[in-house]
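Remarks on the structure that follows.
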There are 2 protein chains.
Amino acid sequence: MARRSDHAPEELKRLALEAAEVIALEEGLRGLTVRRVAERIGYAPGTIYNLFANLDDLIVQLNGMTLDALAVELGAAAGGSPATRPQRLVEAYFDFVESRPRLWSLLFEHRLPEGADLPDWYRPKLAALIGLVAEALEPLMPDRSAEARYAATVTMWAGLHGISTLAVSAKLTLVAETEPRQLGHLLVDRMLGNRDGTGPEPV
Amino acid sequence: MARRSDHAPEELKRLALEAAEVIALEEGLRGLTVRRVAERIGYAPGTIYNLFANLDDLIVQLNGMTLDALAVELGAAAGGSPATRPQRLVEAYFDFVESRPRLWSLLFEHRLPEGADLPDWYRPKLAALIGLVAEALEPLMPDRSAEARYAATVTMWAGLHGISTLAVSAKLTLVAETEPRQLGHLLVDRMLGNRDGTGPEPV
DNA sequence: GCTTTAATTGAACAATGTTCAATTTATATC
DNA sequence: GATATAAATTGAACATTGTTCAATTAAAGC
């Protein structure tokens with residue numbers, strides 16, 4: 001009944017997380033159960049508890065992977081000509097969300113039980129993401145202090161997050177015909193000081 | 001075992017929703033179970049299914065109540081001098097969220113299963129909320145078309161929502177020391193065309 | 001009082017997260 | 001190569017969940 005090193009422990013953990021990712025992609029939080037993950041990698045439910053403290057732990061680690069993937073996409077959009085960076089970042093963000101809405105939703109739909117805190121490695125991951133964007137947008141806010149720039153970036157990030165969650169949960173289409181992506185552009189342009197939501201900073 | 005008209009059916013439904021509200025206030029989605037609600041009103045679990053289609057239905061109706069309560073608060077802040085309306089609306093919004101974070105979280109933490117749509121009465125409730133704010137902010141965006149004003153309002157609303165969800169789930173404090181409320185003011189001021197986040201529209 | 005109708009129950013079912021003693025395999029030791 | 005040790009894996013078990021529904025009880029109508 002018991003085997004050994006079919007896969008190394010690290011390998012097995014990776015397999016479990018990949019299985020969880022597929023389930024989350026297809027069915028979201030509601031379909032993501034310990035038994036389903038175990039079944040998908042051909043192990044017994046109990047084995048999952050050798051790899052993770054519990055289901056919450058597994059989900060938090062999966063969310064870590066998702067943050068990494070998002071960082072890659074935003075990183076690719078953060079270079080190039082500063083003038084068009086905001087637009088490209090917004091596009092990259094919504095491309096990511098719309099290409100895997102259920103996986104992205106898991107980032108925020110999942111909440112740890114009362115009193116439990118996110119693990120220590122979570123904060124730098126998130127901070128890196130924001131930092132990346134803040135740095136990319138620095139040339140576009142030359143008149144503002146570093147604190148003001150950072151606050152503006154966090155606000156934009158939270159704003160995009162808000163637009164996306166409402167869009168994904170179908171609560172945005174209840175009140176707006178405008179594409180979420182377009183609202184994103186509007187938000188970012190305004191936050192950066194433009195008057196319209198149609199294009200890059202005018203010269 | 002069975003009784004009758006201890007309470008009229010409508011009364012019973014109200015009692016169940018009130019019980020659910022208390023549980024949600026105290027423990028959020030994770031503590032909100034059919035059995036807990038039933039126990040709290042002194043009925044058997046099965047009785048809940050006489051009043052609601054299922055737990056999802058109960059939660060959606062509770063969320064409807066929460067939207068109504070929010071509309072009352074925002075409505076009270078939407079009057080008075082137009083110049084200070086944005087600030088008062090932001091304050092009212094965060095007052096609401098911070099006074100019942102778990103109940104407010106339920107609005108967005110809860111997702112219906114794949115394929116199920118929100119009931120028909122949900123849309124007008126939400127639309128009324130947005131409409132109320134859009135109308136209140138109309139004098140502050142005199143140079144914009146009705147569509148542009150509406151888009152700006154939806155964006156602000158989604159943005160406040162994003163800031164609040166991140167704050168409530170403790171993911172905002174991971175990356176920002178600024179108070180969520182202050183980010184809210186920053187967002188609204190910028191969206192309305194101000195350059196700083198410190199006060200009402202300058203004359 | 002009897003019948004009809006409606007509300008309420010509680011036992012039952014399938015599925016969930018989680019635990020853990022028992023089991024099996026790999027590795028180390030001689 | 002046999003034996004002992006350690007590690008990984010299992011699967012049965014438990015408590016809890018949402019949900020269903022035949023049986024039961026009380027009210028309303030006659």
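The shown structure was predicted, so the numbers you read here are calculated from the model rather than taken from an experiment.
Between E138(B) and R144(B), no side-chain nitrogen of the basic residue sits less than 4.0 Å from a carboxylate oxygen of the acidic one, so the salt-bridge criterion is not met. Looking at R14(A) and E10(A), no side-chain N of the basic residue comes within less than 4.0 Å of a carboxylate O on the acidic one, giving no salt bridge. In this structure, R30(A) pairs ionically with D56(B), as a charged nitrogen and a carboxylate oxygen lie closer than 4.0 Å. Between E39(B) and R35(B) there is no salt bridge, since no side-chain N of the basic residue sits under 4.0 Å from a carboxylate O of the acidic one. Salt bridge annotation for E114(A)-R102(B): present, with a cationic side-chain nitrogen under 4.0 angstrom from a carboxylate oxygen.
Among the nucleotides dG18(D), dT9(D), dT18(C), the one closest to any side-chain atom of L55(A) is dT18(C). Checked against dT17(D), dG11(D), dT19(D), the side chain of V34(B) finds its nearest nucleotide in dT19(D). Nearest nucleotide to the side chain of Y49(A), out of dA8(D), dT19(D), dT18(C): dT18(C). Counting only heavy atoms from C-beta on, R35(A) has its side chain closest to dT16(C) among dT8(C), dT9(C), dT16(C). If you check dA8(D), dT9(C), dT17(D) against the side chain of Y43(B), the one that comes closest is dT9(C).
Whole-Å rounding puts the D56(A) CG to dG17(C) C1' distance at 10 Å. dT8(C) atom P lies 13 Å from atom CZ of F52(B), rounded to whole Å. If you measure from atom CZ of R30(A) to atom C1' of dA15(C), you get 14 Å, rounded to the nearest angstrom. The distance between atom CZ of R36(A) and atom C1' of dG17(C), rounded to the nearest whole Å, is 15 Å. In this structure, CG of N50(B) is placed 18 Å from P of dT5(C), rounded to the nearest angstrom. Atom CG in L58(B) sits roughly 15 Å away from atom P in dT17(D) (whole-Å rounding). Atoms CG (N54(B)) and P (dT20(D)) sit 8 Å apart, rounded to a whole Å. Regarding I48(A), its CD1 atom lies at a distance of 14 Å from the P atom of dT19(C), rounded to whole Å.
Side-chain nitrogen and oxygen atoms of T47(A) include at least one within less than 4.0 Å of the OP1 or OP2 phosphate oxygen of dT10(D).
L12(A) comes within 4.0 angstrom of sugar-phosphate atoms only, judged by non-hydrogen atoms across all strands, and of no base.
Comparing G46(A) and L51(B) by the nucleotide of DNA chain C whose heavy atom lies nearest to each, the residue mapping closer to the 5' end is L51(B).
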